[in-house]
There are 2 protein chains.
Amino acid sequence: MQAILMPRAADPALPARRRAQILDAARFCFAARGFQHATVEEICAEARVSPGALYRYFDAKADIVAAIALDARAAAEAMLDQLSAGDALVDALAEMARAFFAAFEGADSALLADIWAEAARDPALAKALATRDQAARDRLAGAIERAARAGSVYPALAPADAAETLLAALEGMALRRTLHASADSVARFRGLALHLLKPKR
Amino acid sequence: MQAILMPRAADPALPARRRAQILDAARFCFAARGFQHATVEEICAEARVSPGALYRYFDAKADIVAAIALDARAAAEAMLDQLSAGDALVDALAEMARAFFAAFEGADSALLADIWAEAARDPALAKALATRDQAARDRLAGAIERAARAGSVYPALAPADAAETLLAALEGMALRRTLHASADSVARFRGLALHLLKPKR
DNA sequence: ACCTGAACACCGTTCAAGT
DNA sequence: ACCTGAACACCGTTCAAGT
């Protein structure tokens with residue numbers, strides 16, 4: 001009888017597994033049919049769960065969106081972790097730009113804009129993004145400062161300002177690839193970094 | 001009888017008037033309740049027309065959105081027309097940035113991101129935006145080139161590249177204001193223009 | 001020609017019922 | 001505890017009927 005009133009805890013890893021299962025399905029559906037166009041029903045079918053089950057793990061479709069949006073940006077920003085080696089900062093930045101643009105290419109191109117659109121109307125997502133962004137900015141500013149101290153670059157701006165300006169340009173260029181799918185965005189970003197950071201050679 | 005088969009054309013200005021009436025109402029509703037949150041029913045109530053009437057003038061809600069998005073950008077980009085006076089190019093650019101940021105402030109902050117999100121999945125809007133954007137870029141590049149020829153700036157990049165980079169940074173900074181409502185975006189953009197254009201003094 | 005408004009289709013979300 | 005799936009509420013869009 002106690003066994004009924006206080007049932008043994010079922011698989012404690014189940015919630016995490018279900019979440020992953022749903023997120024995977026959502027990623028698939030968003031990539032296939034676009035971000036707002038994919039329906040909860042489709043996600044459920046792909047994840048093989050009922051709507052009721054989905055809503056047990058996420059409060060709303062927007063939450064799924066937010067989780068995936070954060071993941072997408074985190075993956076693209078992970079490049080910034082490799083920036084500690086101060087020697088070839090500009091090359092490392094160009095590589096980061098390449099990775100960032102690639103992350104939001106093709107079917108995912110709408111995702112970048114959608115993240116901003118969601119953030120503009122969802123304070124919780126905006127806050128989560130801001131936290132992540134602050135970390136990215138700090139890492140970039142730190143890399144610039146170290147390189148400057150080592151004498152390998154002569155930044156035209158304070159490290160924090162240079163970092164913010166570079167990230168803004170990166171974001172803007174990524175968005176603008178929607179209009180003119182210019183293959184030279186990476187080169188342009190590299191050129192900007194070059195002129196803002198003025199490396200030794 | 002002919003009068004019935006071929007009725008005299010009613011007020012030929014009516015379609016334009018109705019469109020303006022609906023767009024005004026939509027602008028009001030979007031500003032009040034946000035962009036995706038405003039319903040067609042609300043817009044109809046505000047414009048004092050029935051849904052059927054609205055759909056006579058617009059094929060879909062997305063078209064209303066697109067029309068307003070284009071208008072908003074056009075207004076902000078109109079600043080670029082004042083750029084022909086080559087003497088204080090950097091100051092003029094800073095003023096343009098201020099106007100651009102102001103256009104997408106507060107309730108309209110989501111609008112900027114929504115424009116990009118819509119463009120990413122609506123080729124027609126993307127094309128319209130691309131055309132407008134090309135014109136803006138050309139005007140900016142022209143202003144830079146004239147200033148360079150006059151010897152008042154010494155741009156670090158080719159005019160076209162400088163223009164594209166500046167517009168990308170402008171866009172990115174405008175978006176990033178969603179995260180940190182930094183009041184110094186204008187100053188930062190001015191700093192970037194300064195370093196890319198290197199004015200005489 | 002232009003409009004109305006009820007009806008339709010669709011989709012995010014909930015909840016009573018199951019195991 | 002976890003899940004199902006029918007039902008609900010809402011909203012973009014259409015269309016038969018009016019003038």
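Sequence lines set the chain letters: A, B, ... in the order given, protein chains first and strands last, and positions in each chain run from 1. All values below come from the heavy atoms of this structure, side chains included, with hydrogens, waters and symmetry mates left out.
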Salt-bridge contact A:R27-A:E46 (side-chain N to carboxylate O under 4.0 Å):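 Here A:R27 does not pair with A:E46 in a salt bridge, since their nearest N and O are not under 4.0 Å apart.
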
Please determine whether a side-chain nitrogen of the Lys or Arg among A:E77 and A:R132 lies less than 4.0 Å from a carboxylate oxygen of the Asp or Glu.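 No, A:E77 and A:R132 are not salt-bridged.
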
When you get a sec, tell me which of [options] is the closest nucleotide to the side chain of [X]?
X: B:S50; options: C:dC3, C:dT14, C:dG12; result: C:dC3
X: B:Y57; options: C:dC11, C:dC2, C:dT4; result: C:dC2
X: A:K61; options: D:dC3, C:dT13, C:dG5; result: C:dT13
X: A:R56; options: D:dG12, C:dC2, D:dC2; result: D:dC2
X: B:V49; options: C:dT4, D:dG5, D:dT4; result: C:dT4
X: A:T39; options: C:dT14, C:dC11, D:dT14; result: C:dC11
X: B:A53; options: D:dC3, C:dT4, D:dG12; result: C:dT4

Exam field: side chain B:T178 to backbone A:A120, donor-acceptor pair closer than 3.5 Å: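 Looks like no, no N/O pair under 3.5 Å.
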
Could you check whether any side-chain N or O of A:E164 sits under 3.5 Å from a backbone N or O of A:D161, counting only pairs where one atom can act as donor and the other as acceptor?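 It does not hold such a pair.
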
In this structure, how many angstroms lie between the [atom2] atom of [N] and the [atom1] atom of [X], rounded?
X: B:I64; N: D:dT13; atom1: CD1; atom2: C1'; value: 12 Å
X: B:H37; N: D:dG12; atom1: NE2; atom2: P; value: 10 Å
X: A:L14; N: C:dT19; atom1: CG; atom2: P; value: 20 Å
X: A:E41; N: C:dT14; atom1: CD; atom2: P; value: 16 Å
X: A:I22; N: D:dC3; atom1: CD1; atom2: C1'; value: 12 Å
X: A:E42; N: C:dG12; atom1: CD; atom2: C1'; value: 13 Å
X: A:R17; N: D:dC3; atom1: CZ; atom2: C1'; value: 14 Å
X: A:L54; N: D:dG5; atom1: CG; atom2: C1'; value: 14 Å

What nucleic acid atoms does A:A38 come within less than 4.0 Å of, heavy atoms only: base, sugar-phosphate, or nothing?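 Sugar-phosphate only.
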
Mind checking if B:R18 touches a base, just sugar-phosphate, or nothing, with heavy atoms under 4.0 Å?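 Sugar-phosphate contact only.
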
Applying the Watson-Crick and G-U wobble criteria at under 3.5 Å, what pairs with D:dA7? Answer none if nothing qualifies.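 Partner of D:dA7: C:dT13.
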
Complementary nucleotide for C:dG18 - Watson-Crick or wobble, under 3.5 Å: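 Pair assignment: C:dG18 / D:dC2.
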
Is any side-chain heavy atom of B:R176 less than 4.5 Å from a side-chain heavy atom of A:D133?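 Yes, close enough: below the 4.5 Å cut-off.
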
D:dT13 phosphate, OP1 or OP2: any side-chain N/O from B:Y55 under 4.0 angstrom?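 Indeed, a polar side-chain atom of B:Y55 lies that close.
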
